[in-house]
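Just below is one structure, and these are the notes that go with it.
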Amino acid sequence: MASASVMTQPAMPKATFQPIIQKQTILSKRKLQDISFDPAEHLTYEQPEGVIMMKDIGYKDDTGVSPVAASQPFRLFSTECVQKFREEVLSDQVMQSCLYKSNLAACQLRGYATKYAPFTYDAWHNPDVLSIVSKIAGVDLIPNMNYEIGHINISVKSEKQALDERAAVERERKSYAEDEGIAGCPWEDDKPVVGWHTDSYPFVCVTMLSDCTNMVGGETAMRTGDGDVMKVRGPQMGCAVVMQGRYITHQALRALGAQERITMVTSFRPRSPFLADDSVLTTVRPISDLSVVYYEYGCYRLEMLEERVRFQLKLLREAHTAGKKTDTKALKRFLGEQVDFMQRTNREIVQDEDVVAGKQPELDIPDAKIPSPSVEPDRSSKRAKRA
Ligand SMILES: [Fe+2]
């Protein structure tokens with residue numbers, strides 16, 4: 001079970017937690033507090049090398065809101081932009097007020113963008129950024145809720161732990177070269193960062209905020225339609241991966257050899273209120289300020305309903321005014337769909353006292369086919385199985 005691995009995650013960062021990258025790299029001579037998000041400067045977009053379609057991994061094209069399953073990692077944000085994200089995200093205010101831990105992840109920062117991170121907020125609302133993410137996803141997307149802008153996962157290790165991992169990886173690489181892996185992989189028993197799960201929201205864009213130079217592993221494993229596994233490479237700093245995580249069972253595999261790994265996850269839903277929105281709050285309720293999440297979720301779901309009702313009213317009135325017979329079947333179908341929509345919305349709003357803080361649900365899926373982190377990064381794609 002994945003739960004065994006998550007319990008062995010590094011302890012929560014202490015109050016003295018210092019982002020390692022600031023000591024390692026001179027990123028910008030400009031004063032970061034003076035900058036605001038400027039796509040001309042902060043976007044360094046390069047098309048992903050490829051996109052994996054739902055049908056490539058054994059799902060039907062219409063499983064979700066797009067035929068696209070996931071992208072390969074692609075360059076998205078400049079180094080200065082990443083540095084500014086980090087400055088906002090790792091500020092004392094955010095670390096003190098927006099830190100959540102759960103049975104699945106020891107250190108998460110959530111719901112900070114509106115209040116404490118104007119640059120991050122602007123970046124994920126920027127039309128150019130939305131256009132890039134939407135184009136890759138194959139459907140016009142907007143951030144699911146402001147609360148879900150820039151969800152942060154932090155994993156930190158001691159310098160010794162990272163060095164030991166790196167030495168072990170080097171040893172394994174040598175034996176790999178000598179013996180093409182016949183002796184097996186020492187990471188075979190290693191567990192993922194978070195167990196098999198589906199996301200709560202249709203699409204995610206995962207952006208890497210750490211220097212991954214010495215990192216091995218850190219891929220995303222996706223379960224294919226027939227239960228096999230396919231891996232997508234983890235992104236480098238400033239790069240991102242887009243995935244239709246609501247519909248694909250997946251997990252983040254362990255990353256070895258790096259002292260810190262900070263990822264920023266922004267969730268999206270279709271812009272059009274007329275498309276399905278299968279968003280749920282299952283995984284986020286236990287790690288959220290419920291008042292804020294219920295407010296934002298309630299608002300946008302009601303707004304969707306408002307738009308749908310307004311449009312339906314227009315159709316009804318126009319038909320009647322034109323002397324046409326009322327289409328009973330169509331009217332009943334519309335009403336039935338909206339009743340279902342409202343019932344699903346209501347189910348997600350669980351009474352506050354019934355939500356157990358910090359207890360995220362896990363999927364009970366056997367780990368038999370979990371792939372190990374690749375000891376030879378270049379071979380990871382060749383070793384990935386395809387349905
Ligand atoms: Fe996920």
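Counting convention: from 1, in listed order, for ligands and their atoms alike. Predicted model, so just to flag it, every value in this text is computed and none were measured. Worth knowing before you read on, the calculation uses all heavy atoms, side chains too, and leaves out hydrogens, waters and symmetry mates. Along the sequence shown, residues are numbered consecutively beginning with 1.
- Geometric assessment of Arg308 against the ring of Phe341 yields a positive cation-pi assignment under the 6.0 Å and 45° thresholds.
- Ring planes of Tyr297 and Tyr300: perpendicular class, angle over 60° (limits at 30 and 60°).
- The Fe ion (ligand 1) has His197 NE2, Asp199 OD1, His250 NE2 as its protein N, O or S neighbours under 2.8 Å.
- Between Glu165 and Lys160 there is no salt bridge, since no side-chain nitrogen of the basic residue lies less than 4.0 Å from a carboxylate oxygen of the acidic one.
- Separation of the His125 and Phe37 ring centroids does not fall under the 6.0 Å cut-off.
- Ring orientation note: the planes of His42 and Phe119 are nearly perpendicular, at an angle over 60° on the 30°/60° scale.
- A cation-pi arrangement is not found for Arg269 relative to Phe203, the charged atom failing to lie both closer than 6.0 Å to the ring centre and inside a 45° cone about the ring normal.
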